Amino acid sequence: MGQRPDFQISYDGVGWHDWVRGVEGAQDCAEEAIRTAHAYGLRITAAMCLFQDNVPMIRETVLRLASLGVERIKISPMLAKGAWCEHYSEKTLTHQAFLDTVLEYIPNFLKDGKPCSIDMGGYFNYSKEKDFFTTRLAKNPSSPIPLHPCPSTSSVLYISATGTVLPCMEFVGVHEFESFPNIRNMLLADVLKDSIWLQTTQITMNDVYAKNPQCQQCSEWGIHCGINCRAHAEPGFCGLDTDTCQFLRNGWYQKVQSAVEKAGGTFKLM
C-alpha cells in the first residue's frame, strides 16, 4: 500500500529487558523484531522504561539500539501503576532523580555522536533530522497555531487491549476514562466523527488555563508552560501536572538548555 508505519518496540535496557517483562529471551526477541523491521525499511521507535537499576545502562542501550537501526528512542520513568506499583515501587525514580539522570546523560549523548533521535520524558528531546535539542515542555507563546497541552493527545489515537479508545497509553487504568468509547460496541469511524474522545483531543492550553485561574499568578504562565502530561493531571484532563510545574519553577528548563549548549549542542525553543 506504499505505507511506512512507525513501529514502537519496548526495550527496557541491555541486560534488564527480560527481568522487566518477566520473560526469558524477551531482549533477544525484541532485537530480532527490530532487525526484521529494519530489513524491510520500516521505521522503528524503541521505548525504554527507566527505574533505579537500569539507569547505568542508558548509554549502552542507546548505542545498541541505534546500531540495530532504531531511528528514535523514548526513555521515560517507569510508571508506578499495576504490578510494578505493587511489587517494585521502591525502585521507581523520583521526579528529581529522573531530571538529574537527564542532565547527566546529555553530554554522553553528544560524545557518542548523537546516534539517533531521542526523547527523555519530554525534558530532553533531540531530532536527528533537524539536529537540534528542545523540550516539549517549553511552548512558544507566539505560536500562530492553537497549542495543545500534549501534542500526542491531539494527534494520536490509542486503543487499549480491551478496546477502549484513549488519548494515550498512560490513561489505561485511570478511572474517569473507563467510560470512553470502545470499538467493541462503537464503530471507529463514529469515534473519529463525534465522541467524548474527540472532544477531549480538541482541548487546548487555553481551556486548561481557564480551569486553573491560579496559573495566571505563576511566573511561567504564558512563557514556557506547556501544561503537559494529561494522564498525570489532577483533577481530570484539565487539571495540573504538578511535575511540569516543578520542572519550570525550579529552573530545570534553563538547566537542560545549559547542559546541551555546554556539551556543544544547539537548543531551540519550539
Side-chain angles (χ1 to χ4, degrees), residues 5-39 42-109 111-126 136 152 156 158-162 164 166 168-174 229 231-232 243:
D6 187 341
F7 286 87
Q8 179 170 302
I9 298 176
S10 294
Y11 191 96
D12 297 310
V14 172
W16 281 101
H17 190 58
D18 289 15
W19 182 84
V20 172
R21 299 295 157 174
V23 178
E24 185 176 352
Q27 179 177 318
D28 291 338
C29 287
E31 291 183 2
E32 181 60 25
I34 291 170
R35 282 191 288 266
T36 300
H38 183 63
L42 300 173
R43 296 172 297 184
I44 313 145
T45 294
M48 178 182 183
C49 290
L50 206 64
F51 55 99
Q52 291 179 3
D53 294 344
N54 68 351
V55 165
M57 301 307 298
I58 293 176
R59 190 174 186 180
E60 182 178 343
T61 298
V62 170
L63 288 172
R64 183 169 184 81
L65 289 171
S67 72
L68 292 173
V70 172
E71 296 184 16
R72 179 170 175 257
I73 300 174
K74 294 169 59 179
I75 302 178
S76 305
M78 183 75 77
L79 290 178
K81 291 185 177 182
W84 179 268
C85 183
E86 182 179 351
H87 300 289
Y88 302 106
S89 59
E90 74 282 357
K91 294 180 180 290
T92 305
L93 292 176
T94 64
H95 185 60
Q96 180 74 38
F98 181 74
L99 289 171
D100 287 337
T101 299
V102 171
L103 294 182
E104 291 171 5
Y105 179 61
I106 286 174
N108 288 327
F109 181 73
K111 287 178 183 177
D112 293 334
K114 301 171 289 188
C116 60
S117 296
I118 189 170
D119 182 299
M120 292 190 73
Y123 300 113
F124 157 31
N125 187 303
Y126 171 76
R136 285 193 285 108
S152 295
V156 176
Y158 177 76
I159 301 175
S160 75
T162 58
T164 303
L166 298 169
C168 82
M169 184 185 298
E170 294 196 26
F171 286 90
V172 172
V174 178
C229 187
H232 294 174
D243 284 349

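Counting from 1, the numbers follow the sequence of the chain as shown. Predicted model, so just to flag it, every value in this text is computed and none were measured. These values consider heavy atoms only, across backbone and side chains, with no hydrogens, waters or symmetry-generated copies.
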* Asked: How far apart are the C-alpha atoms of Gln8 and Lys74, what are their side-chain angles, what is the distance that settles it, and do they pass the side chain to side chain contact (heavy atoms under 4.5 Å, CB included) test?
  -> CA-CA 9 Å; Gln8 179 170 302; Lys74 294 169 59 179; 3.4 Å; yes
* Is the backbone of Val14 close enough, under 3.5 Å, to the side chain of Gln27 for a donor and an acceptor to pair up by distance? -> no
* Can you say whether the rings of Trp19 and Trp16 are parallel (under 30°), tilted (30 to 60°) or perpendicular (over 60°)? -> perpendicular
* Is the NE2 atom of His38 crowded by more than 12 outside heavy atoms at less than 6.0 Å? -> no
* Go through the steps to decide whether Thr36 and Glu32 satisfy the test side chain to side chain contact (heavy atoms under 4.5 Å, CB included), and finish with yes or no. => CA-CA 6 Å; Thr36 300; Glu32 181 60 25; 3.6 Å; yes
* Smallest separation among heavy atoms of His232 and Leu79, with atom names -> NE2-CD2, 3.4 Å
* **Within-4.5 Å side-chain heavy-atom neighbours: Asp6 and Arg72** => no
* **Chi angles and distances behind the ring-ring contact (aromatic ring centres under 6.0 Å, His included) call for Phe171, Tyr158** => CA-CA 9 Å; Phe171 286 90; Tyr158 177 76; 9.6 Å; no
* Asked: Could you state the interatomic distance from CD1 (Ile75) to OG1 (Thr61), rounded to the nearest 0.5 Å?
  -> 7.5 Å
* **Interatomic distance, Phe124 atom CZ to Tyr105 atom OH [nearest 0.5 angstrom]** => 6.5 Å
* Taking side chain as C-beta onward, heavy atoms only, is Cys116 less than 4.5 Å from Val62? -> yes
* For the student: nearest non-hydrogen atoms of Gly69 and Ile44, plus distance -> O-CD1, 4.0 Å
* Kindly indicate whether the side chain of Tyr88, heavy atoms from C-beta on, has any atom under 4.5 Å from the side chain of Phe51. => no
* Asked: Do the non-hydrogen side-chain atoms of Leu68 and Arg35 ever get within less than 4.5 Å of each other?
  -> yes
* Where Gln52 and Glu90 come nearest, the two heavy atoms and their spacing -> NE2-O, 3.1 Å
* Intermediate values then yes/no, side chain to side chain contact (heavy atoms under 4.5 Å, CB included), Asp243 and Phe98 -> CA-CA 11 Å; Asp243 284 349; Phe98 181 74; over 6 Å; no
* Between the main-chain N or O of Ala47 and the side-chain N or O of Ser10, is there a donor-acceptor pair closer than 3.5 Å? -> no
* Please report the closest heavy-atom contact between Ala46 and Leu65, naming both atoms and the distance. => CB-CD1, 3.7 Å
* **Gap separating the SG atom of Cys49 from the CZ atom of Arg21, nearest 0.5 angstrom** => 6.0 Å
* Asked: Parallel under 30°, tilted from 30 to 60°, perpendicular over 60°: which one fits the rings of His17 and Tyr11?
  -> parallel
* To do: Check the pair Asn54 / Met48 against side chain to side chain contact (heavy atoms under 4.5 Å, CB included), numbers first and verdict last.
  => CA-CA 10 Å; Asn54 68 351; Met48 178 182 183; 3.7 Å; yes
* To do: Flag the pair Met78 / Val20 as yes when at least one side-chain heavy-atom distance between them is below 4.5 Å, and no otherwise.
  => yes
* Structure fact -> Heavy-atom nearest pair, Ala97 first then Thr94, reads N-OG1, 3.0 Å
* Lys91 versus Trp84, closest heavy-atom pair with distance -> CB-CZ2, 3.8 Å
* To do: Decide if atom CE of Met169 counts as having more than 12 heavy atoms of other residues, nucleotides or ligands within a radius under 6.0 Å.
  => no
* Between SG of Cys29 and CD1 of Ile9, what distance do you get to the nearest 0.5 Å? -> 11.0 Å
* Expected output: side-chain Asp18 to main-chain Gly25 donor-acceptor under 3.5 Å -> yes
* Check whether any side-chain heavy atom of Asn108 lies under 4.5 Å from a side-chain heavy atom of Lys111, and answer yes or no. => yes
* Going from OG1 on Thr101 to CD1 on Ile106, what distance comes out if it is rounded to the nearest 0.5 angstrom? -> 11.0 Å
* Looking at CD1 of Ile73 and CD1 of Ile118, how far apart are the two atoms once the value is rounded to the nearest 0.5 Å? -> 5.5 Å
